[in-house]
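Worth saying up front: this structure is predicted, and the values here are computed from it rather than measured.
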Amino acid sequence: MIDPSKRQDGHPNEAIEPAFQAIEARRVPLPGGYRQGVISAITVLLGFSLLFLRYWNFEADGGWTIASILATLLLALAIVLQLVALWRSLLPSDDDEPVYRVTLRWFLASIIALLAGVLLAGLIASHVFNL
């Protein structure tokens, strides 16, 4: 079968070539080391999140309250967001700057959820909330 995008001599068709050039022009690769840095940052926070969640759920003193359940849900949300960010950062398409920016947004959302969960857990442990 003959590929319609190529002429008989094997060169790409001039009508299709500008479309490929436009796609390649939008592709902006990341500088070296950016992906490795974000992967390291995600895994460090993921490790902290998992250890903190384990402590908060199984080793901390006290009973379950509405506030502690909310803190646990925020921590679990942060872990899920971190896993999504880690998955996205390991994909080959994450080497393009627009895709990388979306991955960083996922990571930022996980950081915000983690900070909210840890802050709430700290307030609960210091008995600021008695819910």
Side-chain angles (χ1 to χ4, degrees):
M1 183 169 177
I2 298 176
D3 185 6
S5 66
K6 293 190 177 185
R7 297 185 312 208
Q8 293 294 342
D9 58 0
H11 288 87
N13 189 347
E14 284 84 15
I16 294 177
E17 188 173 325
F20 288 123
Q21 290 173 349
I23 291 170
E24 284 296 316
R26 287 186 296 181
R27 184 180 185 279
V28 180
L30 295 173
Y34 274 65
R35 286 182 69 192
Q36 293 84 351
V38 78
I39 289 170
S40 297
I42 292 169
T43 55
V44 166
L45 273 183
L46 182 60
F48 168 79
S49 301
L50 291 169
L51 287 174
F52 188 83
L53 186 66
R54 184 194 78 180
Y55 168 77
W56 182 249
N57 285 331
F58 302 114
E59 297 174 13
D61 293 333
W64 285 96
T65 63
I66 294 172
S68 64
I69 291 171
L70 181 60
T72 300
L73 291 175
L74 282 170
L75 293 169
L77 174 65
I79 290 170
V80 169
L81 292 172
Q82 289 165 7
L83 289 172
V84 169
L86 181 61
W87 173 254
R88 288 183 55 86
S89 67
L90 293 173
L91 294 174
S93 61
D94 199 56
D95 195 35
D96 293 336
E97 187 175 334
V99 179
Y100 179 75
R101 287 182 186 274
V102 174
T103 301
L104 289 180
R105 287 188 196 120
W106 279 95
F107 186 43
L108 178 62
S110 75
I111 292 170
I112 292 168
L114 178 65
L115 287 176
V118 170
L119 179 65
L120 183 57
L123 291 173
I124 294 165
S126 64
H127 303 291
V128 172
F129 292 126
N130 290 325
L131 300 175

Side-chain heavy atoms nearer than 4.5 Å, only ILVMFWY residues, links allowed to pass through others: does that put Leu50 and Val44 together? no
Should we say atom OH of Tyr55 is surrounded by more than 12 heavy atoms from elsewhere, each under 6.0 Å from it? no
Nearest heavy atoms of Ser89 and Ile42, plus distance in Å: OG-CD1, 4.1 Å
Residues which pass salt bridge (charged side-chain N to carboxylate O under 4.0 Å, His left out) with Arg105, listed by chain and number, not counting sequence neighbours: none
Any non-hydrogen side-chain atom of Leu91 less than 4.5 Å from a side-chain atom of Trp87? yes
Arg88 side-chain N/O to Val99 backbone N/O, donor-acceptor pair under 3.5 Å: yes
Sequence neighbours excluded and cut-off under 3.5 Å, please list the side-chain donor-acceptor pairs for residues 107-116, or say none.
from, atom 1, to, atom 2, distance (Å)
Ser110, OG, Phe107, O, 2.6

Is there a path of hydrophobic side-chain contacts, each under 4.5 Å between heavy atoms of I/L/V/M/F/W/Y residues, joining Leu90 to Leu104? yes
Find out if a path of hydrophobic residues (ILVMFWY) with successive side-chain heavy-atom gaps under 4.5 Å connects Val84 to Ile39. no
Going only through I, L, V, M, F, W and Y residues with side-chain contacts under 4.5 Å, is there a path from Leu45 to Trp106? no
N/O donor to acceptor pairs below 3.5 angstrom from side-chain atoms of residues 70-81, sequence neighbours left out:
from, atom 1, to, atom 2, distance (Å)
Thr72, OG1, Trp56, NE1, 3.3
Thr72, OG1, Asn57, OD1, 3.2
Thr72, OG1, Ser68, O, 2.9

